[in-house]
Protein chains: 2
Amino acid sequence: MDLSKENAVLAVEVLDLLFRATRHIQQEYEMKLESLSLPFQLSGPRLRLLLVVWRAEKIRMNELASKLGVKPRTVTELVDALERDGVLHRTPDPNDRRATLLHLTEEALNQISRVRSVQMQISDEILQKFSAEQRTQLHALLSKIFEGMEFDFVY
Amino acid sequence: MDLSKENAVLAVEVLDLLFRATRHIQQEYEMKLESLSLPFQLSGPRLRLLLVVWRAEKIRMNELASKLGVKPRTVTELVDALERDGVLHRTPDPNDRRATLLHLTEEALNQISRVRSVQMQISDEILQKFSAEQRTQLHALLSKIFEGMEFDFVY
DNA sequence: TATTGTTATACTCTATAACTATA
DNA sequence: TATAGTTATAGAGTATAACAATA
């Protein structure tokens, strides 16, 4: 009997678990975000977009699409909705009149710290049983998945 | 200066990374699944449903919805599509004439081993840089997220 | 009266293809 | 000729509310 494989964890089992954990956490996030009563709707994809714009301060729709890993058409759709809700606005790029730059509105900037703080609070709750060392370990192991990848980090 | 927190990894950073890893892996999965040329369409949600039915052999739509963490109406929608594609079929539950039992078709049973083997192959590729010990570690850390949760495992 | 699943309807995310304006 | 973003259109996944059949 090959004892070395007796208790081995299959790669596919690890990734199944990864998916389940992600779904679980996403559901927690969405529940808590709803209860925040923000002056605008914030789904997962919208928040993801928002945070990329926030980190960049200003960004082309173009570049945003590639950072998010979606098509430009999808960004148009999301931006339409967010602009309607007063979360961000389009301005023409002075350097290239084909391009459009996105900025967050004051309102969004005001709310975003609430969102981030709820994110941090939920995250702490979910990982409450983890020691600092275990958090670091989990972070290191997840980073390892991206090891040796050339392309820009996708959010 | 508080050196103990100097290099600490924030919980929110760990979960951000978790999300990014999951998105990345999901994209790999979907790409490879497409190239399998199955006789039916298999998106993430459809595959998830399929695998739950497969593990259960037969299952009520009801119970399926709760295992998947979606509403019954959503299961109706998915099952309609999968039945149209000849992947599964509805039969009345003899014990409760309100209920409907789902079974996979022969065709689905024949294809599912191909799907599983591709899943395992992709998983091995993604975790190729991981030692057996690291896989076990990652599995243990992810399990810890669910620690002390009462409810049934959600897929 | 409560539960199972459906019809009717709608919203969000995503995409492809054809087009406009600019480079 | 190529790029940035849009209009037009479509499909998948998800949901709520009202309902029919059954328990």
Side-chain angles (χ1 to χ4, degrees), chain A residues 19 22-23 26-27 29-31 33-34 40-50 52-53 58-85 87-103 154-155, chain B residues 19 22-23 26-27 29-31 33-34 40-50 52-53 58-85 87-103 154-155:
Chain A
F19 288 154
T22 298
R23 279 183 66 79
Q26 257 164 356
Q27 280 168 356
Y29 265 50
E30 305 232 334
M31 261 175 35
L33 271 182
E34 269 176 34
F40 42 81
Q41 298 299 327
L42 261 204
S43 60
R46 286 179 195 189
L47 177 54
R48 229 157 43 86
L49 185 153
L50 208 60
V52 173
V53 178
K58 64 178 196 288
I59 192 171
R60 284 187 183 196
M61 301 188 61
N62 205 10
E63 196 187 343
L64 186 51
S66 98
K67 289 221 193 225
L68 291 173
V70 297
K71 299 294 172 198
R73 182 61 185 88
T74 301
V75 170
T76 298
E77 191 76 15
L78 289 167
V79 167
D80 282 351
L82 290 168
E83 198 170 30
R84 234 180 284 124
D85 282 2
V87 180
L88 47 71
H89 51 90
R90 291 165 158 104
T91 58
D93 184 338
N95 294 21
D96 183 342
R97 279 163 46 201
R98 293 170 304 179
T100 302
L101 291 175
L102 301 175
H103 307 258
V154 173
Y155 293 100
Chain B
F19 288 154
T22 298
R23 279 183 66 81
Q26 257 164 357
Q27 280 168 357
Y29 263 52
E30 305 233 333
M31 260 176 37
L33 271 182
E34 268 176 34
F40 42 81
Q41 297 299 326
L42 260 204
S43 60
R46 287 179 194 190
L47 177 55
R48 232 159 39 88
L49 185 152
L50 209 59
V52 173
V53 179
K58 64 177 196 289
I59 191 170
R60 283 188 183 197
M61 300 190 61
N62 206 10
E63 196 187 344
L64 186 50
S66 98
K67 288 222 193 224
L68 292 172
V70 298
K71 298 295 173 198
R73 182 61 185 89
T74 301
V75 170
T76 297
E77 191 76 15
L78 288 167
V79 167
D80 282 351
L82 290 168
E83 198 171 29
R84 235 180 284 124
D85 281 2
V87 180
L88 48 71
H89 52 91
R90 291 164 158 105
T91 58
D93 184 338
N95 295 22
D96 184 342
R97 279 162 47 200
R98 292 171 304 179
T100 301
L101 291 175
L102 301 175
H103 306 258
V154 173
Y155 294 100

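In the text below, chain A, chain B and the rest are named by the order of the sequence lines, each starting its count at 1.
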Using atom CG of B:L102 as one end and atom P of C:dT4 as the other, report the distance to the nearest whole Å. 14 Å
Nearest-Å distance, CD (A:Q27) to P (D:dG13)? 17 Å
Between A:L78 (CG) and C:dT14 (P), how many Å, whole number? 6 Å
To the nearest 0.5 Å, how far apart are CG in B:L88 and NZ in B:K58? 15.5 Å
Yes or no on side-chain contact (heavy atoms from CB on, under 4.5 Å) for B:L49 and B:L68, after CA distance, side-chain angles and deciding distance? CA-CA 7 Å; B:L49 185 152; B:L68 292 172; 4.0 Å; yes
Quick one: which of B:V79, B:L78, B:V87 gives a side chain to side chain contact (heavy atoms under 4.5 Å, CB included) with B:R46? B:L78
Nearest whole Å is fine: how far is C:dT12 C1' from A:E83 CD? 18 Å
Counting just side-chain N and O atoms, does A:S43 come under 4.0 Å of either OP1 or OP2 of C:dT12? no
Would you mind reading off the distance between A:N95 atom CG and D:dT3 atom P, rounded to a whole angstrom? 18 Å
What is the separation between atom CZ on A:R48 and atom P on C:dT12, rounded to the nearest whole Å? 17 Å
Taking any heavy-atom pair under 4.0 Å as a contact, classify A:E77: base, sugar-phosphate, or nothing. base
Of A:R97 and A:K71, the one whose closest nucleotide on DNA chain C sits nearer the 5' end is A:K71
How long is the line joining CZ of A:R23 and C1' of D:dG13, in whole Å? 11 Å
Heavy-atom count around A:E83 CD within 6.0 Å, excluding the residue itself: above 12? yes
Please evaluate residues B:F19 and A:T22 with respect to the criterion side-chain contact (heavy atoms from CB on, under 4.5 Å), reporting the C-alpha separation (whole Å), side-chain torsions for both, the decisive distance (0.1 Å), and the verdict. CA-CA 6 Å; B:F19 288 154; A:T22 298; 3.6 Å; yes
Inspect the contact between A:D96 and A:R60 and indicate whether a charged nitrogen and a carboxylate oxygen are less than 4.0 angstrom apart. yes
All N/O contacts under 3.5 Å from nucleotides 4-7 of chain D to the protein, with atom names and distances to one decimal?
| residue | atom | partner | partner atom | Å |
| --- | --- | --- | --- | --- |
| D:dA4 | OP1 | A:N62 | ND2 | 2.5 |
| D:dA4 | OP2 | A:N62 | ND2 | 3.3 |
| D:dG5 | OP1 | A:M61 | N | 3.4 |
| D:dG5 | OP1 | A:T100 | N | 2.7 |
| D:dG5 | OP1 | A:T100 | O | 3.1 |
| D:dG5 | OP2 | A:N62 | N | 2.6 |
| D:dT6 | OP1 | A:R90 | NE | 2.8 |
| D:dT6 | OP1 | A:R90 | NH2 | 3.0 |
| D:dT6 | OP2 | A:T76 | OG1 | 2.6 |
| D:dT7 | O4 | A:R73 | NE | 3.0 |

May I ask you to check whether over 12 heavy atoms, not counting those of A:E30, lie within 6.0 Å of atom CD? yes
Nucleotide D:dG11, atom C1' - distance to CZ of B:F40 in whole Å: 19 Å
